[in-house]
*Asks:* 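I am attaching a structure below and will ask some questions about it afterwards.
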2 protein chains.
Amino acid sequence: MARPKSEDKRNAILDAATRLFAERGLTAAPTSDISKQAGIAEGTLFTYFKTKNDLINALYREIKLELADAMMSDFPRKKNIHTRLRHVWDRYVNWGIANPKQRKVLAQLQVSGVLTKESRDAGSAPFVEFQTMIRHAIEQRVFRNDLPVELISKSLAALVEATIDLTVSNRSKAKQYRDSGFQMFWAAITK
Amino acid sequence: MARPKSEDKRNAILDAATRLFAERGLTAAPTSDISKQAGIAEGTLFTYFKTKNDLINALYREIKLELADAMMSDFPRKKNIHTRLRHVWDRYVNWGIANPKQRKVLAQLQVSGVLTKESRDAGSAPFVEFQTMIRHAIEQRVFRNDLPVELISKSLAALVEATIDLTVSNRSKAKQYRDSGFQMFWAAITK
DNA sequence: TGTATAATTGAGTATGCACTCGGTAATAGA
DNA sequence: TCTATTACCGAGTGCATACTCAATTATACA
């Protein structure tokens, strides 16, 4: 029996933080501005997140979850590995193009040193199915069997990021970049 | 006729900044601490760099220059493209492993939004010879000719970074990762 | 409808930090 | 050696900002 917290307000805070972090950077975006953008009083922000650091860590998890959802929804579990990888590839690229702010914030968070180990772990949890898929593919000799799993998944992420960067600076070639990028990736990992 | 600035002090400031930025992040490293680490008074820092932002931009150029030096020294201009690329690859990977702090700082700077356009341009200037090499290779049909130059150079950087990350977390497999990484890259770009 | 509980507010506080400035020390050139 | 110039010093200043708190408001439940 009390007054409940509002999911809407929480989301408004996270949205405002995303916008401001993307535009100005983590530390140049004060909590006063975030609150203002979110349409709440500054004090209220601290009932939803104990500290600014908590807010940052929560935002990280949220964005990673969104990305995982985008990548894995409608995942064609029954199709062959090439189709499944291509699905993940396309979804990832499209998400990056459609969510430049989230992507920018993520890039900042990953190198900023403010994330707790718990957040990092929570952030990678939604991607276990993807990791498993790669492990199986290696065992079934679809891929070159001398490549470490981590190198493959890191390479996918690295090549996707390169592809998105390029696409953002030249939207008209989106399709070409997405195709070429995947072909490069596929050539890199198969025999 | 006056007292000259000391190159040593300037370097001491840049070194101290590198260490502190890598350990704590750009904004969590106050100028007071940087000065202390550099063995000078705080005021002196501001005779070498007008603002903290100037210091950050100067540091960015410095590190990029170091990296370019490492990559392009002893560059085998007369050898074939495979050998030249492999040279660049190995040098880049080795530099990253040997200079984790510089690498971490670079990663932060590139996404932080504090770099001026001039600094970005100055930072990429030392790499023109590398870009030219790739352009030539495409024209000579050594690579798949449907790949944009930028995708190739970005992919190299992306795969090197992935390779370094892995190596840092498992030093004993350094050689294997470096070889596998390059093989992936080569397979990705050639027909 | 009444009440206990918790959300909400925003002015206030304490801290930290980039940068300044008046005084001092060093050095290049005369 | 003298002097003009500039590096060097570090206490001080003003501003920005994360977080608090006392007063107020909303709401779940009896």
Side-chain angles (χ1 to χ4, degrees), chain A residues 1-60 62 105 108-109 112-116 119, chain B residues 1-60 62 105 108-109 112-116 119:
Chain A
M1 48 159 129
R3 194 175 170 183
K5 285 185 204 171
S6 139
E7 192 65 23
D8 283 358
K9 284 206 178 66
R10 198 188 124 96
N11 289 334
I13 295 170
L14 291 170
D15 281 359
T18 303
R19 261 175 280 139
L20 289 172
F21 289 160
E23 283 164 18
R24 306 187 203 162
L26 293 187
T27 45
T31 50
S32 59
D33 285 5
I34 296 174
S35 319
K36 218 169 289 170
Q37 279 271 327
I40 58 165
E42 187 169 5
T44 303
L45 186 149
F46 291 92
T47 73
Y48 285 83
F49 304 97
K50 238 165 60 73
T51 67
K52 189 181 180 184
N53 233 307
D54 283 359
L55 163 60
I56 290 175
N57 276 272
L59 183 57
Y60 172 74
E62 207 82 11
V105 172
Q108 288 181 38
L109 292 176
S112 65
V114 297
L115 296 180
T116 64
S119 296
Chain B
M1 46 157 129
R3 193 175 170 182
K5 284 183 203 170
S6 139
E7 192 65 23
D8 282 359
K9 285 207 178 67
R10 197 188 125 96
N11 289 334
I13 294 170
L14 291 170
D15 281 0
T18 303
R19 259 175 282 141
L20 290 172
F21 288 160
E23 282 164 17
R24 306 187 204 162
L26 293 187
T27 44
T31 50
S32 59
D33 284 6
I34 297 174
S35 319
K36 218 170 289 171
Q37 279 270 328
I40 57 165
E42 188 168 5
T44 303
L45 187 149
F46 289 93
T47 73
Y48 285 83
F49 304 97
K50 237 164 62 74
T51 67
K52 189 182 181 183
N53 233 307
D54 283 358
L55 164 60
I56 291 175
N57 277 271
L59 182 58
Y60 172 75
E62 207 83 11
V105 172
Q108 287 181 38
L109 291 176
S112 66
V114 298
L115 296 180
T116 65
S119 295

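Order of the sequence lines fixes the chain letters, A, B, ..., with proteins taken first and strands second; residue numbering starts at 1 for each chain.
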*Asks:* If the condition is salt bridge (charged side-chain N to carboxylate O under 4.0 Å, His left out), which residues does B/Asp54 pass it with, not counting sequence neighbours?
*Replies:* none
*Asks:* What are the residues of residues 44-59 of chain A, sorted by number, that bring a heavy atom to within less than 4.0 Å of DNA chain C?
*Replies:* A/Thr44, A/Thr47, A/Tyr48
*Asks:* Not counting sequence neighbours, which residues clear side chain to side chain donor-acceptor pair (under 3.5 Å) with A/Gln37? List them please.
*Replies:* A/Arg19
*Asks:* Is there a donor and acceptor pair closer than 3.5 Å between the side chain of B/Glu42 and the base of D/dC9?
*Replies:* no
*Asks:* How many whole angstroms separate atom NZ of B/Lys36 from atom P of C/dA18?
*Replies:* 12 Å
*Asks:* Would you kindly give the CD-to-P distance between B/Glu7 and D/dA7, to the nearest whole Å?
*Replies:* 14 Å
*Asks:* According to side chain to side chain donor-acceptor pair (under 3.5 Å), does anything in residues 5-17 of chain A pair up with another residue at least two apart or in another chain? List the pairs.
*Replies:* A/Arg10-A/Glu62
*Asks:* Can you pull out the residues from residues 16-29 of chain A that lie within a 4.0 Å heavy-atom distance of DNA chain D?
*Replies:* none
*Asks:* Listing request: all salt bridge (Lys or Arg N to Asp or Glu O under 4.0 Å) pairs with a residue in residues 29-41 of chain A, at least two apart in sequence or in separate chains.
*Replies:* A/Arg24-A/Asp33
*Asks:* Taking atom P of C/dA26 as reference, at what distance in whole Å does atom NZ of B/Lys5 sit?
*Replies:* 19 Å
*Asks:* If you look at every heavy atom in B/Ala16 and B/Ala38, which pair is closest and at what distance?
*Replies:* CB-N, 3.9 Å
*Asks:* Take atom CD1 of B/Ile34 and atom P of C/dG16, then tell me their distance rounded to the nearest Å.
*Replies:* 17 Å
*Asks:* Identify, with sequence neighbours excluded, every residue that meets side-chain contact (heavy atoms from CB on, under 4.5 Å) alongside B/Thr27.
*Replies:* A/Thr27
*Asks:* So do B/Ile13 and B/Leu59 actually touch side chain to side chain, heavy atoms under 4.5 Å?
*Replies:* no
*Asks:* Could you report the tightest heavy-atom contact between A/Ala17 and A/Ile34, atom names first, then the distance?
*Replies:* N-CG2, 4.0 Å
*Asks:* Below the 4.0 Å mark, does D/dT17 have OP1 or OP2 next to a side-chain nitrogen or oxygen of A/Ser32?
*Replies:* no
*Asks:* Of all residues at least two apart in sequence or in a different chain, which pass the side-chain contact (heavy atoms from CB on, under 4.5 Å) check with B/Thr116?
*Replies:* B/Asn57, B/Glu118, B/Ser119
*Asks:* What pair of heavy atoms forms the shortest contact from A/Val114 to A/Asn53, and how long is it?
*Replies:* O-OD1, 3.3 Å
*Asks:* May I ask you to verify if any side-chain N or O of B/Lys9 is less than 4.0 angstrom from the OP1 or OP2 atom of D/dC8?
*Replies:* yes
*Asks:* Could I get a table of every N or O pair under 3.5 Å where one atom is in the protein and the other is in nucleotides 23-25 of chain C?
*Replies:*
none

*Asks:* Who are the side-chain contact (heavy atoms from CB on, under 4.5 Å) partners of B/Phe46, not counting sequence neighbours?
*Replies:* B/Thr31, B/Glu42
*Asks:* Relative to the 5' end of DNA chain D, which residue comes earlier, B/Gly43 or A/Pro4, by the nucleotide with the nearest heavy atom?
*Replies:* B/Gly43
*Asks:* What nucleotide, of C/dA18, D/dC9, D/dT6, holds the atom closest to the side chain of B/Ala41?
*Replies:* D/dC9
